[in-house]
Amino acid sequence: MPELPEVETYRRYLEANVLGRQIAVVPHIDNSMVRHADPLALVAQLEGSHISSTHRHGKLLFANLSRGGHLVMHFGMTGDLKCHPPGEEPRHARLVLDFETGDSMTYVCQRKFGYLSLADDPEEFVSALGWGPDALNGLDETVFAAGLASTRTPIKAVLMDQRRWAGIGNLYADEALFQAHIAPTVPGNELGPRRRRRLFSAIKEVLRTAVSRGANFDAYPDGYLLTARVPNAPCTNCGASLSATKVGGRTTIYCPRCQRR
DNA sequence: CGTTATGTTCGATG
DNA sequence: GCATCGAACATAAC
């Protein structure tokens with residue numbers, strides 16, 4: 001579940017359920033998931049801390065720890081957060097926090113493509129990764145235009161490149177291109193000002209809408225590709241059969257009739 | 001058995 | 001340096 005809207009939903013979940021509650025003990029951690037930090041140091045910072053605030057940049061979530069530092073969470077393709085009674089950890093638990101108040105919260109990551117870390121400063125961590133501004137809160141049209149103008153790479157691959165701007169993955173790239181009526185294979189530098197503006201607006205609109213619905217696909221508006229993103233399904237816009245292909249190495253679903261080159 | 005999966009990185013090649 | 005392609009990571013579902 002982990003593109004920008006999903007991670008923003010996790011952030012709000014932390015704010016609503018975990019903020020200010022002291023972590024008594026960390027009964028389980030998968031050391032192989034910890035990057036750029038010492039697992040023992042991470043546990044040491046977690047135990048006795050409470051989360052005092054949260055921050056998100058692209059697909060990265062940061063939890064400010066009261067004893068110092070930030071717990072960093074990346075969710076890969078299969079990450080999730082879940083509160084539950086102590087001792088009832090979900091499958092594929094990679095980090096479990098037991099709170100003094102009684103229950104627990106688990107970071108789950110089935111495929112282990114995500115990672116955990118400990119950072120002094122969130123924005124320093126982000127810039128060390130070389131990532132661009134947050135696609136929802138930090139990306140402006142000037143940067144967007146410059147990012148497209150400088151490359152012949154297919155627009156979909158450009159949208160997913162975290163070094164240009166952070167947070168858009170395979171599904172929301174398809175959705176934004178669908179809403180903007182732009183074919184995924186168009187080279188970035190072939191989009192004129194008009195279509196570029198339409199795409200910029202579509203990105204913001206799609207991300208805002210997804211966040212406001214808690215990244216729940218079932219709650220997305222009629223006409224969203226993500227409500228029926230299946231090869232050969234009828235386009236919600238024109239009824240044509242949706243095509244499937246690969247762009248940027250990822251499965252891509254689009255309408256060959258309404259999305260123009 | 002083979003294929004696919006909401007992510008990212010690295011190496012080979014042109 | 002840039003772009004493209006494929007493989008790799010680890011695990012499950014169909």
Side-chain angles (χ1 to χ4, degrees), chain A residues 1-11 13 30-36 56-61 72-82 89-95 106-117 125-132 134-136 146-178 184-190 203 206-207 209-211 213-220 224-232 244-254:
Chain A
M1 318 237 156
E3 296 182 40
L4 186 154
E6 286 77 14
V7 178
E8 176 62 18
T9 300
Y10 299 158
R11 192 188 69 76
Y13 184 75
D30 182 335
N31 290 341
S32 72
M33 305 262 341
V34 179
R35 286 197 208 169
H36 317 299
R56 180 192 57 72
H57 186 117
K59 304 171 193 172
L60 272 182
L61 182 55
V72 184
M73 289 175 277
H74 188 286
F75 295 89
M77 289 175 89
T78 55
D80 200 0
L81 291 179
K82 184 161 283 186
E89 294 151 25
R91 249 188 120 184
H92 310 300
R94 311 301 182 194
L95 175 67
T106 288
Y107 163 90
V108 174
C109 195
Q110 184 226 109
R111 285 172 74 190
K112 299 173 78 165
F113 283 179
Y115 56 87
L116 302 166
S117 194
F125 190 91
V126 167
S127 74
L129 292 175
W131 283 6
D134 181 72
L136 182 58
L148 297 202
S150 62
T151 183
R152 285 170 291 135
T153 298
I155 183 60
K156 175 170 175 180
V158 176
L159 291 185
M160 294 191 299
D161 182 355
Q162 307 299 299
R163 292 168 305 181
R164 299 178 194 276
W165 41 78
I168 303 173
N170 195 31
L171 266 39
Y172 290 94
D174 275 4
E175 184 68 63
L177 290 165
F178 180 77
T185 49
V186 177
N189 63 4
E190 283 182 21
I203 289 167
V206 162
L207 293 178
T209 299
V211 166
R213 319 260 161 133
N216 173 11
F217 287 23
D218 293 337
Y220 289 174
Y224 263 47
L225 178 68
L226 291 177
T227 60
R229 184 182 168 277
V230 179
N232 302 318
T245 181
K246 295 253 185 201
V247 180
R250 310 297 303 280
T251 294
T252 299
I253 295 188
Y254 69 104

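Proteins get letters first, then strands, A, B, ... in listed order; numbering begins at 1 in each. Scope of the values below: all heavy atoms of this structure, side chains included, with no hydrogens, waters or symmetry mates.
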(message) What's the gap between dG1(C) and dT8(B) when it is taken at their P atoms, as a whole Å value?
(response) 23 Å

(message) I need the Ile168(A) CD1 to Asp174(A) CG distance, nearest 0.5 Å.
(response) 11.5 Å

(message) If I take atom CH2 from residue Trp131(A) and atom NZ from residue Lys59(A), how far apart are they, to the nearest 0.5 angstrom?
(response) 7.0 Å

(message) Output the rounded distance in Å from CZ (Arg213(A)) to P (dT6(B)).
(response) 23 Å

(request) Starting at the 5' end of DNA chain B, write a dot or bracket for each base, bracketing those in Watson-Crick or G-U wobble pairs whose two distances are under 3.5 Å and using | for partners on another strand. (result) .||||.||||||||

(message) Work out how far the P atom of dA7(C) is from that of dT3(B), and round it to whole angstrom.
(response) 11 Å

(request) Give a yes or no answer on whether the side chain of Arg250(A) reaches the backbone of Asn170(A) with a donor-acceptor pair at less than 3.5 Å. (result) no

(request) Would you sort out whether Tyr10(A) and Tyr13(A) count as a ring pair (Phe, Tyr, Trp, His ring centres under 6.0 Å), showing the intermediate values? (result) CA-CA 5 Å; Tyr10(A) 299 158; Tyr13(A) 184 75; 7.8 Å; no

(request) Could you check Leu159(A), Thr252(A), Ile253(A) and say which one makes a side-chain contact (heavy atoms from CB on, under 4.5 Å) with Pro184(A)? (result) Thr252(A)

(message) For the NZ atom on Lys112(A), are there more than 12 heavy atoms of other groups (residues, nucleotides or ligands in this structure) within a distance under 6.0 Å?
(response) yes

(request) Specify whether Tyr107(A) and Phe75(A) have parallel, tilted or perpendicular ring planes, treating 30° as the upper limit for parallel and 60° as the lower limit for perpendicular. (result) tilted

(request) For Pro231(A), answer base if it contacts any base atom (sugar-phosphate contacts may also be present), sugar-phosphate if it contacts only those atoms, and nothing otherwise; contact means non-hydrogen atoms under 4.0 Å. (result) nothing

(request) Quickly work out the Tyr172(A) OH to dG7(B) P distance and round it to whole Å. (result) 10 Å

(request) Whole angstrom is fine here: how far is it from CG in Leu171(A) over to P in dG7(B)? (result) 7 Å

(message) Rounded to whole Å, please give me the gap between CE in Met73(A) and P in dG7(B).
(response) 18 Å

(request) With a 4.0 Å heavy-atom cut-off, tell me which residues in residues 157-168 of chain A come close to DNA chain B, sorted by residue number. (result) Gln162(A)

(request) For Met73(A) and Cys109(A), run side chain to side chain contact (heavy atoms under 4.5 Å, CB included): C-alpha distance rounded to whole Å, both residues' side-chain angles, the deciding distance at 0.1 Å, then the answer. (result) CA-CA 11 Å; Met73(A) 289 175 277; Cys109(A) 195; over 6 Å; no

(request) Compare side-chain N and O positions of Lys59(A) against OP1 and OP2 of dT8(B) and report whether any pair is under 4.0 Å apart. (result) yes

(request) For His74(A) and dT8(B), give me the distance from atom NE2 to atom C1', rounded to whole Å. (result) 7 Å

(request) Quick one: closest heavy-atom pair of Arg56(A) and Leu4(A), and the distance? (result) NH1-CG, 3.3 Å

(request) Examine dT6(B): is either OP1 or OP2 under 4.0 Å from a nitrogen or oxygen in the side chain of Arg250(A)? Give yes or no. (result) yes

(request) Evaluate the ring planes of His36(A) and Phe125(A), with Trp represented by its six-membered ring, and classify them as parallel (under 30°), tilted (30 to 60°) or perpendicular (over 60°). (result) perpendicular

(request) Write down the distance between CZ (Phe125(A)) and C1' (dT8(B)), rounded to a whole number of angstrom. (result) 13 Å

(request) Measure from the side-chain heavy atoms of Trp131(A) and tell me the nearest of dA3(C), dT8(B), dG7(B). (result) dT8(B)

(request) Using whole Å, report how far CZ of Arg152(A) lies from C1' of dT4(C). (result) 11 Å

(message) For dG7(B) and Thr78(A) - does any side-chain N or O of the residue sit under 4.0 Å from the phosphate oxygens OP1/OP2?
(response) no

(message) Below the 4.0 Å mark, does dT4(C) have OP1 or OP2 next to a side-chain nitrogen or oxygen of Thr153(A)?
(response) yes

(request) Give the B/S/- string for nucleotides 9-14 of chain C, one per nucleotide from 5' to 3', where a protein heavy atom under 4.0 Å of the base yields B, of only the sugar-phosphate yields S, and otherwise -. (result) BBBS--

(message) Just the rounded figure in Å: distance from P of dT8(B) to CG of Leu60(A).
(response) 8 Å

(request) Please answer whether the main-chain N or O of His92(A) pairs with a side-chain N or O of Gln110(A) as donor and acceptor at a distance below 3.5 Å. (result) no

(message) For Val7(A) and Leu60(A): C-alpha separation, side-chain torsions, deciding distance, then whether side chain to side chain contact (heavy atoms under 4.5 Å, CB included) applies.
(response) CA-CA 7 Å; Val7(A) 178; Leu60(A) 272 182; over 6 Å; no

